[in-house]
Each structure stands twice: as C-alpha cells, then as structure tokens.
Amino acid sequence: MERKAAVSDAELEILEVLWSAEGALNAGEIRARLGEDKSKRWERTTVLTLIQRLLKKKAISQEKREVYYYAPCIRREEYVKEETRQFVDKFFKGSSRNLAAALVNSEALSKEDIDELRNYFNENC
C-alpha cells in the first residue's frame, strides 16, 4: 500500500462506516450511521469537513449522483496491515518479536491469550 497521509481518529470513524457499508454512502447516510452511537453528536459540518480531509488524503473517493456518494479507496484489511507495520517499525524497530516481548512483559496477555496465540501460530505458520 502506498503511504498515505495519517488518518485521524475521527476520520477513521468515517472510514469504519464506509467499510461496513454495502456500497457508497452520501454524507447524510454517513452522519446517520455515526449517530447510531449516542455517546457522540456528529454535526453536519464536522462530517463534511472530515469527508473533505479524507478526499484530500485520497483515502476515499466521491461520485456525483443526485448528491455526492463516498467510498473507501482501500480495504480495511490493507489499512490495518499498513498501520500495524508502521506501529511495529516505530515502536519496536521493525521487530514483531520485540512487540510480543513487550506484550508479555507488560502483562497485557493472559496465559490463555498466549496459549491461543501459540495455537494460532502452530496452525497457520
């Protein structure tokens, strides 16, 4: 994946809505889906600003119909893979082993988590 400009947490929420949609959505539909989470109020202008930022970053595309419709330019899996790689590069000098060691040493992983990961690696590697 070509390195794109960093996506903010708010922009990521819009991407998550678009990734979960069956097809392209217009700004009103995006705002309605964001509004399903009652803990946060999304103003129309905020949503439009975030959409414009995502367009500028080429993270989403727009198509003119009766109104503009928006779709993600990358799949969620590609985005997560790239963000994970950058995280490991930045904080663990590119070493997944260092990441795993940090998780174990921080007690972020339970014995069950470690067993589950071991089984995953044994089955998939």
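The chain is numbered in sequence order, starting from 1.
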Any residue meeting side chain to side chain contact (heavy atoms under 4.5 Å, CB included) with [X], in chain and number order, not counting sequence neighbours:
X: T49; value: R53
X: A32; value: none
X: D89; value: R85

Are L109 and F87 grouped together when hydrophobic residues (ILVMFWY) are joined by side-chain heavy atoms under 4.5 angstrom apart?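 Same hydrophobic cluster.
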
What about V88 and Y79, same hydrophobic cluster or not, with Ile/Leu/Val/Met/Phe/Trp/Tyr joined at side-chain heavy-atom distances under 4.5 Å?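 In one cluster with V88: Y79, no.
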
Excluding sequence neighbours, so at least two apart, what forms side chain to side chain donor-acceptor pair (under 3.5 Å) with [X]?
X: D115; answer: K111, R118
X: D37; answer: S39
X: R41; answer: E43
X: Q62; answer: none

Point-to-point distance, once rounded to the nearest 0.5 Å, from CD1 of I74 to CG of L15: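 Result: 6.5 Å between the selected atoms.
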
Just how far is it from atom CD1 of I30 to atom CG of L25, taken to the nearest 0.5 Å?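 The CG atom of L25 is 5.5 Å from CD1 of I30, to the nearest 0.5 Å.
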
Report, as yes or no, whether the 6.0 Å neighbourhood of atom [atom1] on [X] holds more than 12 heavy atoms from other residues, nucleotides or ligands.
X: N124; atom1: CG; answer: yes
X: E107; atom1: CD; answer: no
X: R65; atom1: CZ; answer: yes

Who are the ring-ring contact (aromatic ring centres under 6.0 Å, His included) partners of Y68, not counting sequence neighbours?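 Result, ring-ring contact (aromatic ring centres under 6.0 Å, His included) vs Y68: none returned.
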
List the atom of [X], the atom of [Y], and the distance in Å for their closest heavy-atom pair.
X: P72; Y: L18; value: CD-CB, 3.7 Å
X: I51; Y: A27; value: CD1-CB, 3.9 Å
X: L54; Y: I14; value: CD1-CG2, 3.7 Å
X: C73; Y: S61; value: SG-N, 3.5 Å
X: L34; Y: E13; value: CD2-O, 3.9 Å

When you measure from the side chain of T46 to the backbone of W42, do you find a donor-acceptor pair of N or O atoms at a distance under 3.5 Å?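 Not at all, since once roles are kept as given, no pair shorter than 3.5 Å links the two residues.
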
Does this structure show an ion pair linking K81 with E78, if we count only N-O contacts that are shorter than 4.0 Å?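 Not counted as a salt bridge, because no side-chain N and carboxylate O are separated by less than 4.0 Å.
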
How would you list all residue pairs meeting ring-ring contact (aromatic ring centres under 6.0 Å, His included) that involve residues 100-121, not counting sequence neighbours?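 Residue pairs passing ring-ring contact (aromatic ring centres under 6.0 Å, His included), neighbours aside: none found.
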
List the atom pairs, with distances to 0.1 Å, where a side-chain N or O of residues 90-106 and a protein N or O form a donor-acceptor pair under 3.5 Å, not counting sequence neighbours.
unit_1: S95; atom_1: OG; unit_2: R97; atom_2: N; d: 3.3
unit_1: S95; atom_1: OG; unit_2: N98; atom_2: N; d: 3.0
unit_1: N98; atom_1: ND2; unit_2: F92; atom_2: O; d: 3.4
unit_1: N105; atom_1: ND2; unit_2: A101; atom_2: O; d: 3.2
unit_1: S106; atom_1: OG; unit_2: A102; atom_2: O; d: 3.1
unit_1: S106; atom_1: OG; unit_2: L103; atom_2: O; d: 3.0
unit_1: S106; atom_1: OG; unit_2: A108; atom_2: N; d: 3.3

Can you list every pair that meets side chain to side chain donor-acceptor pair (under 3.5 Å) and has a residue in residues 14-34, with sequence neighbours left out?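 Checked against side chain to side chain donor-acceptor pair (under 3.5 Å) - neighbours excluded - the pairs reaching residues 14-34 are E16-R76, N26-Y69.
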
What residues, two or more places apart in sequence or in another chain, satisfy salt bridge (charged side-chain N to carboxylate O under 4.0 Å, His left out) together with K56?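 K56 satisfies salt bridge (charged side-chain N to carboxylate O under 4.0 Å, His left out) with no other residue.
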
